[in-house]
Amino acid sequence: MSDECISPLRRRMIEDMTVRKFTLKTQNDYIRVVKNFTIFLGRSPDTASNEDLRLFQLHLSENRVGAPTINFTISALRFFFTVTLDRADAVRHLTFVHEPRKLPVVLSPEEVARFLEAAPGVKYKAAFSAAYGAGLRVSEVASLKVSDIDSERMMLRIEQGKGRKDRYAMLSPVLLELLRDWWRIARPKAWLFPGRDPLQPMSTRQLNRACHVAANMAEITKRVSPHTLRHSFATHLLEQNTDIRVIQVLLGHAKVDTTALYAHIATNTIRAVMSPLERLSLKPKTDEPPA
């Protein structure tokens with residue numbers, strides 16, 4: 001959209017987000033939320049009342065919109081009214097919705113091996129190996145540059161991960177060889193995994209499509225996404241008795257509570273714990289049960 005087509009109100013909101021270093025994706029998503037609210041309202045959003053905002057959230061709930069979407073919508077509207085319009089009082093009735101925490105899907109080591117071998121080509125095998133071998137998010141895999149590989153220190157540099165934070169991820173010898181195999185074949189210049197346009201990185205959509213292909217080829221019936229590999233990385237490390245605080249750093253989690261979720265799905269760890277029932281001296285019952 002050209003500058004001439006942007007309303008002064010939208011331009012002001014974009015400027016407010018730019019000053020705060022919001023990513024372009026977040027800016028576009030926030031603008032879309034305000035646009036949806038405007039359609040619901042039927043007039044300029046700066047004329048909305050507290051009751052209009054309350055009714056909009058009720059409208060979302062009645063239409064079975066998921067909790068994550070509702071909460072993101074509230075965040076966008078709070079920014080718009082609090083920062084751009086300087087009307088913090090207008091959003092005081094908007095309420096964040098509790099999101100029930102679900103245990104993530106995790107592959108067994110054998111399933112991971114089958115999945116990687118079924119990847120559609122060396123490029124995707126290397127990309128998915130980075131997701132599993134270093135615990136990377138799909139966006140972090142897509143954004144890897146050739147210069148991010150530090151083979152001397154055996155680390156991967158992750159630039160501007162979630163929360164716009166840089167960090168280092170582990171680079172195992174096996175992963176390094178897989179990345180070198182891919183580099184020898186394609187000789188990528190800047191992006192390690194370039195997209196159809198070599199000047200741009202591979203899209204997360206491409207990785208998701210390839211992931212579904214690999215899961216089908218490997219005959220894995222679980223619902224698998226690239227993020228499943230990151231979950232599997234964390235769970236398998238925990239099952240190897242890696243300190244949870246180390247896993248927290250490797251994943252780039254701000255809070256250890258987020259990492260602690262994997263303790264609920266580390267089956268080897270759960271199986272290794274002796275039940276207190278085993279410590280009781282119970283005598284086996286030899287009498288026949290009554291008919």
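Computation of the quantities below employed the complete heavy-atom set of this structure, encompassing side-chain atoms and omitting hydrogens, waters and symmetry-equivalent molecules. Predicted model only: the values in this text are computed from it and were never measured.
- Atom CZ of R205 is surrounded by 12 or fewer heavy atoms from other residues, nucleotides or ligands within 6.0 Å.
- Judged as a ring-ring contact (aromatic ring centres under 6.0 Å, His included), and not counting sequence neighbours, the contacts of H59 are F40.
- By the 4.0 Å N-to-carboxylate-O rule, R114 lies too far from E117 to be salt-bridged with it.
- Side-chain atoms of N50 come within 3.5 Å of backbone N or O of D89 as a donor-acceptor pair.
- A salt bridge is defined here as a Lys NZ or Arg NE, NH1 or NH2 lying under 4.0 Å from an Asp or Glu carboxylate O, and E15 with R12 fails to meet this definition.
- With Q27 contributing its side chain and F22 its backbone, the two residues share a donor-acceptor pair below 3.5 Å.
- Environment of NZ in K222: crowded, with over 12 heavy atoms of neighbouring residues, nucleotides or ligands closer than 6.0 Å.
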Using residues 182-191 as the side-chain source, report each donor-acceptor pair under 3.5 Å to any protein atom, sequence neighbours left out, with the distance given to one decimal.
{"from": "W182", "atom 1": "NE1", "to": "L192", "atom 2": "O", "distance (Å)": "2.7"}
{"from": "R184", "atom 1": "NH2", "to": "D181", "atom 2": "OD1", "distance (Å)": "2.6"}
{"from": "W191", "atom 1": "NE1", "to": "L199", "atom 2": "O", "distance (Å)": "3.1"}

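- Each ring-ring contact (aromatic ring centres under 6.0 Å, His included) pair with one or both residues in residues 102-144, not counting sequence neighbours, appears once here: F115-F128, Y132-H236.
- By the ring-ring contact (aromatic ring centres under 6.0 Å, His included) test, F81 pairs with no residue at all, sequence neighbours left out.
- Scored by the side-chain contact (heavy atoms from CB on, under 4.5 Å) test, L58 finds L55, E62 as partners (sequence neighbours excluded).
- In this structure, D243 contributes its side chain and R245 its backbone to a donor-acceptor pair below 3.5 Å.
- For F80, there are no ring-ring contact (aromatic ring centres under 6.0 Å, His included) partners two or more places apart in sequence or in a different chain.
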